[in-house]
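Okay, structure first, notes after.
Keep in mind that what you see is a predicted model, and the values were worked out from it rather than measured.
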Amino acid sequence: MKHPCKYHPGTEALWYCAHDGLHLCQQCVDGDEDHRMEARCLLCNHDLAPVGQDQVGPLWQRLDHYLQLPFALPLLPLLAIWAVLAALLPPLWMMVPVALLVGLPTFAFSAALMALRAGPRKSRRVALPGWDCLGESTAWQSALWQALPALLVIGLAGFLVVAVSIPAGLLVGGLGMLLVPALWLAVLVKGAAPGAYAAAATYVISAPRDYGVAAGFASLGSVLVVALIAVAMDVLPLPLVQGLAGLLAGWWWLVLAGLCGDIAARHGRLWGLNQGGRRVTQPLAERRQRTQLCAGRFDKVLLTTAKVIKTKKATVGDWHHHDRLLAVLGKDEERAALVEPYLDVLIRADAWSEALALVARQRKRDPQWLPGAPVLRLALAEGIYEREPKLAVGLLKDLHDKHPDFADLGEAYLLLAKVLAEQFGLAGKAEQYLRFVESHCRDARLRQKVAECRDAWA
């Protein structure tokens, strides 16, 4: 079943938030891209659980689904083959290894079933593997390495039943089966190799609740199978008992494979399995804001962006985002109070078109508005005087009255004179500002520029 993400429509949800009861996609999740960190919800900061195939909630709540799994139509032939051939074998001790050889297709199907459920999400659309899995060498390798620990436990338990006592054999078999799911998961995650068994404890510790369900079935299920066979031996002919033993063995094996596969589907991201989720390259802070915006938590996003624009690393995009949020929330006063800092950022970034749009917006609200800081006026005039000469004149004129102590007053009036002479043809008016520079500024460099301007306009 494909779960859609509420906040990013059309995106498949890979996580489930029990606190909010929501299915969330990777964009809504706070966690390491390699999934070494525990996933948390970007909205409520609670732990998230991976969404398994067709499942949400504890594994034991779906135990009936796994008990019925071997009777699905594609898997029934496996049970039939094992049961029929076991029934036809002679009642000799050598029937045990022969019966295990008959079960090899079931081992391969179980390995393929686990890989299918734990693998990329697209592959899970096919609920069960097909018979072509028997032609894959990887499935056979995994099947043999997964079968080995279970067969060793069964063999040791059988030997103790004969050599010591039935309770001793059942006790050792039940305890040994508790570790079989961890060993199967180790082979599934680490690969078909003897060294994979060393990682078995990891899967017990990291998924204790779900693993407990699988381990409980592996142990109690095997004991119950033996008990049923023991009862059947008293009431059924031996061939039927052998057939029942083969049927129950195949059933137990496939149920355990389904349980282990879905445990890997739930926790595989934490174990490094490639489950086919689209890798998110967008920074976490941007994903958090986007998710909060999709959820309508504008005030929370506004608090975050307000903190960002107060830092030296704030970009034009950060300021633009904050300004848009203020506009959406109707906070016009706060928006107006931030015009000059926003304008300063735009000027330093040479974003002149955006700066002019910001000035035009503010002057629409107040036709007489101009930046108050003389440094800001000069910097803006230097950037826009060619495209907006009239605004440049308004920014620079009368600076000696409003800001007589401005250190760059001479530079400002030289620029003003240039605009008046070159853009409006007012050389006489420009001369007045050149004389002001000469009389009030003792900087030789400025005097040289005054002479150069007069030569250029002569």
Could you walk me through whether T202 and L185 pass the side chain to side chain contact (heavy atoms under 4.5 Å, CB included) check?
CA-CA 10 Å; T202 303; L185 288 169; over 6 Å; no
Could you check if a side-chain atom of W145 sits within less than 4.5 angstrom of a side-chain atom of L148, using non-hydrogen atoms only?
yes
Kindly write out the residues that satisfy side-chain contact (heavy atoms from CB on, under 4.5 Å) with V213, not counting sequence neighbours, or none if the list is empty.
L59, W60, L63, L259
Under the salt bridge (charged side-chain N to carboxylate O under 4.0 Å, His left out) test, which residues partner R335, sequence neighbours left out?
D323
Do Y385 and L391 make a side-chain contact, defined as non-hydrogen atoms from C-beta onward lying under 4.5 Å apart?
no
With side chain to side chain contact (heavy atoms under 4.5 Å, CB included) as the criterion, how do V187 and Y197 come out once you've worked through the C-alpha distance, each side chain's angles and the decisive distance to 0.1 Å?
CA-CA 7 Å; V187 173; Y197 295 146; 3.6 Å; yes
Work out which heavy atom in A412 is nearest to a heavy atom in L378; give both atom names and the distance.
CA-CD1, 3.7 Å
Mind checking salt bridge (charged side-chain N to carboxylate O under 4.0 Å, His left out) for R365 and listing every partner two or more places apart, or none if nothing turns up?
E333
Do E354 and Y342 have side chains that get closer than 4.5 Å, going by heavy atoms?
no
Can you name the nearest heavy-atom pair linking P371 to L376, along with the distance?
CB-CD2, 3.8 Å
So, using side-chain contact (heavy atoms from CB on, under 4.5 Å) as the criterion, who are the partners of L171 when residues are at least two apart?
L175
CG (L302) and NE2 (H322) are apart, to the nearest 0.5 Å, by 5.0 Å
Assess whether atom CG of L76 is packed by more than 12 heavy atoms of other residues, nucleotides or ligands within 6.0 Å.
yes
Taking all non-hydrogen atoms of both residues into account, name the closest pair between A314 and V308 and its distance.
CB-O, 3.4 Å
Nearest heavy-atom neighbours spanning A182 and Y203
O-CD1, 4.0 Å
What is the distance from atom CG of L236 to atom CD1 of I229, rounded to the nearest 0.5 Å?
11.5 Å
Distance col, row L380:CG vs I384:CD1, nearest 0.5 angstrom, shows 5.0 Å
Assess whether ring pair (Phe, Tyr, Trp, His ring centres under 6.0 Å) is satisfied between W251 and F217, documenting all intermediate values.
CA-CA 12 Å; W251 171 82; F217 173 80; 5.7 Å; yes
Looking at T315, is its backbone amide N or carbonyl O close enough to the side chain of D318 to form a donor-acceptor pair, meaning the two atoms are under 3.5 Å apart?
yes
Short question: side chain of T304, backbone of K300 - any donor-acceptor pair under 3.5 Å?
yes
Does the side chain of H321 come within less than 4.5 Å of L293's, by heavy atoms?
yes
Once rounded to the nearest 0.5 Å, what's the spacing between atom CG of D408 and atom CG of L415?
11.5 Å
Pairing residues for E411 by the salt bridge (charged side-chain N to carboxylate O under 4.0 Å, His left out) criterion, not counting sequence neighbours
R445, K449
With heavy-atom distances below 4.5 Å as the criterion, would you say the side chains of Q146 and L183 are in contact?
no
Got L338 and I309 here, is their nearest side-chain heavy-atom distance under 4.5 Å?
yes
Between V255 and L69, does a side chain to side chain contact (heavy atoms under 4.5 Å, CB included) hold up when you go through it step by step?
CA-CA 7 Å; V255 172; L69 178 66; 5.5 Å; no
Under the side chain to side chain contact (heavy atoms under 4.5 Å, CB included) rule, what do F406 and V375 come out as? Steps first, then yes or no, please.
CA-CA 8 Å; F406 181 38; V375 176; 3.7 Å; yes
Euclidean distance, L303 CG relative to Q292 CD, rounded to 0.5 Å:
9.5 Å
Would you say that more than 12 heavy atoms from the other residues, nucleotides or ligands in this model lie under 6.0 Å from the CZ of R290, or not?
no
Looking at side-chain heavy atoms only, is the closest gap between L188 and C260 below 4.5 Å?
no
Which pair of non-hydrogen atoms, one from A232 and one from V241, has the smallest distance, and what is that distance?
O-CG2, 3.5 Å
From L160 atom CG to L170 atom CG, the distance as rounded to the nearest 0.5 Å
10.0 Å
What one should report as the nearest heavy-atom pair of S219 and S222 is O-OG, 2.7 Å
Sub-4.5 Å side-chain heavy-atom contact between T305 and W319
no
Just to verify, what does W253 make a ring-ring contact (aromatic ring centres under 6.0 Å, His included) with, not counting sequence neighbours?
F107, W184
